[in-house]
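Atoms within a ligand are numbered from 1 in the order they appear, just like the ligands themselves. For this chain, numbers begin at 1 and follow the sequence in order. In this text the structure is predicted, and so the values were computed from the model without any measurement.
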Amino acid sequence: MSARRVPDDVTFEHVPETDQSFENALAKARAGDRLTVADGVELLTTGTDHAGIDLRRKERVLEAADRRRADVVGDDVTFVANLNNNVTTACNTGCLFCNFKDTAHQFERGEGDHAGFTKPPEESRRIVETTLDRGISEVCSVSGLHPAFALDDEHHEILASYDSPAQTVNYKPPARYEVDPGTYLDQMRAMSVGGVHLHSMTPEEAYHARRGTDWSYESVYRRLRDAGLDSAPGTAAEILVDEVRDVICPGKIDTQGWVDAMEGAVAAGLDVTATIMYGHVENEMHRVMHLDVVRDLQDRTGGITEFVPLSFVHQNTPLYRRGIVDGGASDDEDELMIAVSRLYLDNVDNVQSSWVKYGNAKALKLLNCGANDLMGTILSEEITKRAGGEYGEFRSVADYIDMVSAIGRPLVERSTDYRTRHRVDPDDPPFGPHLGPRADGTPLLDRPRRGVAADDD
Ligand code: SF4
């Protein structure tokens, strides 16, 4: 098993020890039997009977996962033509793995310059409108938890009625800030234009949109859906084991809160995704316990369209700067995380390989370890760029053809929910998206530009 650094004052209850054997676990995986947590740990560690990763055993796990991927979804490699439009970097939550946020007080009037941004709803709308012309089909929006963000005017009133609302419910009125982010419903209406698919409102954002009230997640997601939301990203999951969350994101909702929010989103009629962010302080037992939470949620809801493993990008994060971690996951760990995700999540069809987190070469390798989706074009990617990721920014459809041709697999443009697909013919240029409401196959950046925002390229 691999060693992970654990903060000096922390002792984890859950450790990667089992009474299962690697060979038994692999036999079950190959037979398509449902895996237990112990099975998953044996596969992820390549056996708890020895230290470190056994490379020959690893190859057998990857092979089983690759075969399962072919059985479940075939050889197609999918991607979505999308735009990232994150609304604000203002956040006080203080997650130790995050360098996306900027402490929210810097955004207040008279505080001077800072590196962050807040986009009012009209700016979000302008960015989406202009990017729709380029052919995108999805807007993905994940933002910091700005203290002036509320679901709607009624929510503003409720939050303002608290004594010391900044301390009790993380609320300050919009007038305190240089730029008003508007309400969550305003932002949904602004970004849901022209038939684009709006993918937004993580469980943590949904919590923020109901803080200080007794509103259910389902009712909040219903109102967001009525304002234009189409599906919700299951980020903010990190590791769904509270003893890990207590170390890396003590200000966030706990595991049950994340599950409750996801169930509320599905009950409101939305598709959801699920993620794991691994490679920091957690161990293999935590990772498999996380997979178990996701599989259980999917058994109950059936709403998860894809699972997205995200390897922790350590540079520029408090976890790294404070010496709590000295790096991220190794290549072997990344490959095994994808493979065991595919084998453990027998009820989730799509496993994503993120070129943003892994870079092109490794992202392609992971398509042979159990993954089948190569995420999106991402016309803007502030989060990874600001956390020191080397692989941020944009991929054109032509880039996708080059990448996927290298591994001899067919390329398919998909809708966010995977229900609509367009097979890309690599011998029939030009290469552009076909599924967006204004897409006609013209390459994304060849479209006429109509005042696209500076961070939109
Ligand atoms: S991960 Fe999200 S909630 Fe946590 S500090 Fe960063 S922006 Fe805020």
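- The shortest distance between side-chain heavy atoms of Tyr162 and Tyr171 does not fall below 4.5 Å.
- Residue pairs that meet the salt bridge (Lys or Arg N to Asp or Glu O under 4.0 Å) test with at least one member in residues 182-201, sequence neighbours left out, are Asp186-Arg189.
- With a cut-off of 2.8 Å, atom 4 (Fe) of ligand 1 has no N, O or S atom of Cys249 in range.
- In summary, no N, O or S atom of Cys98 is located under 2.8 Å from atom 8 (Fe) of ligand 1.
- Inter-residue side-chain proximity for Thr202 and Trp258 is flagged as unmet; no heavy-atom pair is nearer than 4.5 Å.
- A donor-acceptor contact closer than 3.5 angstrom is absent between the side chains of Asn350 and Asp373.
- In this structure, of Glu204, His146, His208, Lys252, the residue bringing a heavy atom nearest to atom 1 (S) of ligand 1 is Lys252.
- Side-chain atoms of Ser231 and His197 form a donor-acceptor pair, as typed in the model, at a separation below 3.5 Å.
- The ligand atoms of ligand 1 that sit less than 4.0 angstrom from a heavy atom of Phe97 are 1 (S).
- Ligand-side atoms of ligand 1 in range of Gly94: 5 (S), range being under 4.0 angstrom from any heavy atom.
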